[in-house]
Amino acid sequence: MISFESDYTNGAHPAILNRFLETNDELLSTYGNDIYSERAKEKIKAACKCPQADVHFLTGGTQTNSIVISTMLADYEAVVAANTGHISAHEAGAIEYTGHKVLTVGQEQGKIKHHELEKYLDNFYSDENHEHMVFPGMVYISHPTEYGTLYSKAELENLSAVCNKYEIPLYMDGARLGYGLMSHDTDVTLADIAKYCDVFYIGGTKVGALCGEAVVFTKNNTPKHFMTMIKQHGALLAKGRLIGVQFDTLFTDDLYFDISRHAIDMAEELKKVLVEKGCRFFIDSPTNQQFVILEDEKLDKLREEVKVSFWEKYDENHTVVRFATSWSTRIEDIEKLRELL
């Protein structure tokens, strides 16, 4: 059995496991006050070219989205997301569970367009009854999107301008950020993201770590007593070293970027195989997620030896499935897939 099911089905990069062993017997301060967490924060700020950034570590993506969004919003505010956005489609109502609504807008290939966002916000404030409504208090995007697509630098700049106009923060979910940054088709850098987003996170769980996400506040805008609120949500690790060691390793000698580039290289090889075998693509993705339309009968046969993810039904006889590469994908697995297809 070979797996293209997801980019977090493997454990952790060997360099991280080795670093855990090397540091295991060190007696370190708790709650993220250890030397590795502090060093990781400085490396992340340098990589973002944002010395004023404030970095915090959390363990998973849903937890991160829930805490960042709920602590940045006022009680009467909601978050605006694409109707295909992760928080509105695949997080089991985690945001709503905190008491905040997810307001959805239309999308194109998973992305919010700035003119649609501006129209939505303008319509809200033009409504003379808006004081009786839930206020849009921030904008959520992901990069890559749910469909593996990417925002361009110009698109981020335009979204940021709209958010600045209405004085609401732009928040980027970066669960797969490494794969977006290393795509051959992007003009966006980590420094660009730090410039245009008010807060974002660098995903570790899906990019080589056992677990962990690095939240980056870029505009001196960290919610007051953020660490206290992390603990209030039950998310403050006593052994903060668990994530600090991992991000210190990932941001040493460009490891995060190198392993992300490997996933993209493997995705390009995967695409060649899928094209060669006559597969129909559901969307053109430049990242590590590839979406293919398969006949249900062929899919059932393929699943006997290959793990893929269901995405959505295309019609009564076809299904959209996702093939995902990762930092650990082997060329041998892609060759095996070629044989099976």
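There is a side-chain donor-acceptor pair under 3.5 Å between Asp315 and His318. If you check the side chains of Glu26 and Tyr36, you find a donor sitting under 3.5 Å from an acceptor. The closest side-chain donor-acceptor pair between Asp34 and Ser29, if any, does not fall under 3.5 angstrom. Checking Thr205 against Glu213 by side-chain atom types alone, a donor-acceptor pair falls below 3.5 Å. Of the N and O atoms on the side chains of Tyr171 and Asp198, not one donor lies less than 3.5 Å from an acceptor on the other residue. Between the side chains of Ser66 and Ser70, no donor N or O sits under 3.5 Å from an acceptor N or O. In summary, the side chains of Ser126 and Asn123 do not present any donor paired with an acceptor at a separation below 3.5 Å, with no hydrogens or angles considered. A side-chain donor from one of Asp54 and Thr222 sits under 3.5 Å from a side-chain acceptor of the other. Side chains of Thr149 and Lys111: a donor-acceptor N/O pair is absent below 3.5 angstrom, by distance only. Side-chain N/O atoms of Ser328 and Asn10 include a donor and acceptor closer than 3.5 Å. Between the side chains of Asn65 and Glu91, at least one donor N or O sits under 3.5 Å from an acceptor N or O.
At least one donor-acceptor pair closer than 3.5 Å links the side chain of Gln63 to the backbone N or O of Thr59. Under the 3.5 Å distance criterion, the side-chain polar atoms of Thr329 are matched with a main-chain donor or acceptor of Ser326.
Looking at Asp258 and Arg261, a side-chain N of the basic residue comes within less than 4.0 Å of a carboxylate O on the acidic one, giving a salt bridge. Using a 4.0 Å cut-off between a side-chain N of Lys or Arg and a carboxylate O of Asp or Glu, Lys153 and Asp192 qualify as a salt bridge.
Once rounded to the nearest 0.5 Å, the distance linking NE2 of His86 with CD of Glu146 reads 5.5 Å. Atom CD in Gln107 sits 10.0 Å away from atom NZ in Lys113 (nearest 0.5 Å). Summarising the geometry, atom OH belonging to Tyr196 is positioned 8.0 Å from atom CG belonging to Leu156; distances are rounded to the nearest 0.5 Å.
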Evaluate the side-chain contact (heavy atoms from CB on, under 4.5 Å) criterion for residues Val216 and Tyr201: first the C-alpha distance (whole Å), next the side-chain angles of each, then the deciding distance (0.1 Å), finally the verdict. CA-CA 6 Å; Val216 185; Tyr201 77 87; over 6 Å; no
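For Lys231 and Tyr31, the positive end sits near the middle of the six-membered ring, less than 6.0 Å away and at most 45° from its axis.
The side chain to side chain contact (heavy atoms under 4.5 Å, CB included) with Leu181 is formed by just one residue from the set Ile264, Ile193, Ile202; it is Ile193.
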